[in-house]
Amino acid sequence: MFDLQSIVRENVWRMKPYASARDEFKGTASVYLDANENNLGSLAGENYNRYPDPHQKVLKSKIAGIKGVKQSQIFLGNGSDEAIDLLFRMVCRPGLDRMLHLPPTYGMYEVSANLNDVQLDAIQLTPDFQLPVAEVLRNVKNTTKIIFICSPNNPTGNSINPESIETILDNFDGLVVLDEAYIDFSETPSWTTRLAEYPNLVVLQTFSKAWGMAGLRLGMAFASEEIIAILDKIKPPYNINEATQELALKALDQDEQLKYMVEEIVQERQMLEAALPTLPIVEKVYPSDANFILVKVKDANALYTYLLDKGIVTRNRSTLAGCERCLRISIGTTEENQQLYQAISEFSN
Ligand SMILES: Cc1ncc(COP(=O)(O)O)c(C=O)c1O
């Protein structure tokens with residue numbers, strides 16, 4: 001049975017959060033002399049002399065409406081990378097505890113584990129990039145605190161079978177962190193709808209992909225109120241800056257534009273998925289539910305360099321086990337995708 005207190009680090013469970021000036025005084029006043037701000041103004045623009053809302057209340061209430069979850073079930077991070085790091089710090093005792101992840105996958109789980117001195121168990125995804133469920137469960141130890149599952153997975157692009165995720169959630173008493181950075185490009189429903197069923201589930205999403213806000217750094221974690229309360233307790237108080245909060249609020253009003261961009265990107269992906277396999281150098285385009293494709297070619301290094309010479313940068317993933325001879329290619333604008341296709345076909349000839 002999942003018991004949050006038994007997996008949260010004791011020091012984290014006991015600690016009190018930093019009490020910011022904005023926490024201690026919550027009303028409105030005419031003169032603010034409580035936070036050592038510059039009351040003369042800001043060189044960056046109106047409002048930026050003030051610390052931002054540490055609880056991001058307005059933004060969270062808007063996100064809650066859009067995502068169909070309670071405000072108290074949302075954590076906002078400086079990118080989802082911040083949420084990944086805080087999840088380690090919340091449950092993993094440095095030098096003692098472990099996490100399990102499933103390569104080839106997003107590299108930050110490993111980097112963050114290493115930074116936090118957390119032992120790593122890496123279980124390779126199956127050849128079609130699915131979860132080897134029995135092997136995962138066999139490798140869980142009593143110090144394993146987190147299993148990271150990325151769906152749609154980076155860099156492979158595919159979604160992970162929901163039944164497999166369910167089995168892990170049902171049979172593992174630590175946190176199952178489901179990274180849905182690319183969910184907006186997928187037809188698969190988000191696991192945010194299943195939070196009530198699984199107290200050990202944490203869903204990560206981000207504004208960096210479909211919303212086009214990678215430069216602002218805004219990521220989301222959705223989980224039980226209890227888990228979110230701990231993440232909020234341990235985060236740096238002002239982790240989401242004022243500009244990001246304001247711009248994200250504006251972006252959230254543009255759901256039609258979001259839909260349009262996602263449809264456009266998915267259409268362009270489908271175009272490349274159909275066109276690239278006709279080229280002799282391309283061995284396989286893996287099915288993708290994301291805004292990128294993984295392409296297996298005859299000589300990945302040669303194609304990568306050729307594309308670079310043409311001014312086109314892709315991600316050479318050929319050194320990753322399971323991704324031999326593969327390039328990961330983000331979906332660009334129509335013109336960029338045409339340039340890419342043209343360049344690969346020239347290389348093919
Ligand atoms: C699977 C996955 N998770 C998280 C992230 C990072 O997201 P953020 O920009 O919100 O830190 C990425 C970025 O590439 C990603 O591929």
Side-chain angles (χ1 to χ4, degrees), residues 56 59-60 63 67 74-89 99-116 122 125 129-131 146-160 165 175-186 188 190-192 201-223 231 235-236 239-241 243-245 247-248 251-252 258 261-262 265 269 286 288-294 313-317 320 322-323 326-332:
Q56 309 103 20
L59 185 52
K60 277 188 182 172
I63 293 173
K67 299 285 180 184
I74 305 171
F75 166 81
L76 296 180
N78 187 3
S80 28
D81 286 345
E82 185 180 36
I84 293 169
D85 178 63
L86 287 176
L87 285 162
F88 276 116
R89 294 210 251 167
M99 76 86 147
L100 188 151
H101 78 151
L102 294 127
T105 193
Y106 183 47
M108 275 308 284
Y109 315 137
E110 180 167 355
V111 170
S112 222
N114 287 338
L115 173 63
N116 288 292
L125 289 170
F129 304 132
Q130 286 297 327
L131 282 191
I146 312 183
I147 297 178
F148 279 93
I149 300 171
C150 187
S151 180
N153 186 42
N154 176 8
T156 60
N158 63 297
S159 299
I160 304 294
I165 298 175
L175 296 181
V176 177
V177 179
L178 188 62
D179 189 340
E180 293 187 336
Y182 300 96
I183 192 72
D184 298 302
F185 304 103
S186 160
T188 320
S190 165
W191 280 78
T192 49
L201 173 62
V202 179
V203 178
L204 301 181
Q205 292 186 10
T206 178
F207 283 91
S208 296
K209 311 296 175 185
W211 291 90
M213 290 163 53
L216 290 179
R217 313 304 301 126
L218 186 60
M220 298 165 271
F222 303 97
L231 287 174
K235 78 180 180 67
N239 62 330
I240 310 297
N241 69 67
T244 296
Q245 294 194 41
L247 291 167
L252 284 166
L258 172 77
M261 286 204 293
V262 167
I265 290 165
R269 182 188 77 206
Y286 289 90
S288 171
D289 287 330
N291 65 343
F292 58 83
I293 45 175
L294 187 71
V313 194
T314 60
R315 196 87 198 266
N316 188 348
R317 300 278 73 184
L320 290 183
C323 296
C326 286
L327 299 185
R328 193 197 68 191
I329 305 178
S330 306
I331 307 301

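Atoms within a ligand are numbered from 1 in the order they appear, just like the ligands themselves. No experiment lies behind these values; they were computed from the predicted model shown.
Taking each of L204, T206, D179, N153 in turn, the one with a heavy atom nearest to atom 2 (C) of ligand 1 proves to be D179. Considering S208, A214, S330 only, the shortest heavy-atom separation from atom 9 (O) of ligand 1 involves S208. For atom 12 (C) of ligand 1, the nearest non-hydrogen atom from the set Y106, F148, F292 belongs to Y106.
For atom 11 (O) of ligand 1, the nearest non-hydrogen atom of the protein is R217 NH2, 2.7 Å. Taking atom 13 (C) of ligand 1 as the reference point, the nearest protein heavy-atom neighbour is K209 NZ, 3.0 Å. From the protein, the heavy atom lying nearest to atom 7 (O) of ligand 1 is S80 OG, 3.1 Å.
For ligand 1, the atoms closer than 4.0 angstrom to any heavy atom of G79 are 8 (P), 10 (O), 11 (O). Ligand-side atoms of ligand 1 in range of C150: 1 (C), range being under 4.0 angstrom from any heavy atom.
No donor-acceptor contact under 3.5 angstrom links the side chains of S80 and Q205, judged on distance only. For the residue pair N158 / D289, no side-chain donor-acceptor distance below 3.5 Å is found, with atom types taken as modelled. A side-chain donor from one of Y106 and D81 sits under 3.5 Å from a side-chain acceptor of the other. Looking at Q245 and Q56, their side chains never bring a donor and an acceptor atom within 3.5 Å of each other. With hydrogens and angles left out, the side-chain atoms of N316 and R328 include no donor and acceptor closer than 3.5 Å.
Ring to ring, F88 and F148 are close: their centroids are under 6.0 angstrom apart.
Residue R269 comes nearest to F185 through the heavy atom pair NH1-O, 3.6 Å, listed as atom of the first residue, atom of the second, then distance.
Heavy atoms of F207 found under 4.0 angstrom from ligand 1: none, in either backbone or side chain. Contacts of M108 with ligand 1, taken as heavy-atom pairs under 4.0 Å, are absent altogether.
Inclusion of D81 in the set of residues having an N or O under 3.5 Å from an N or O of ligand 1 is warranted.
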Stepwise ring-ring contact (aromatic ring centres under 6.0 Å, His included) check, F292 with Y182: CA-CA 9 Å; F292 58 83; Y182 300 96; 5.0 Å; yes
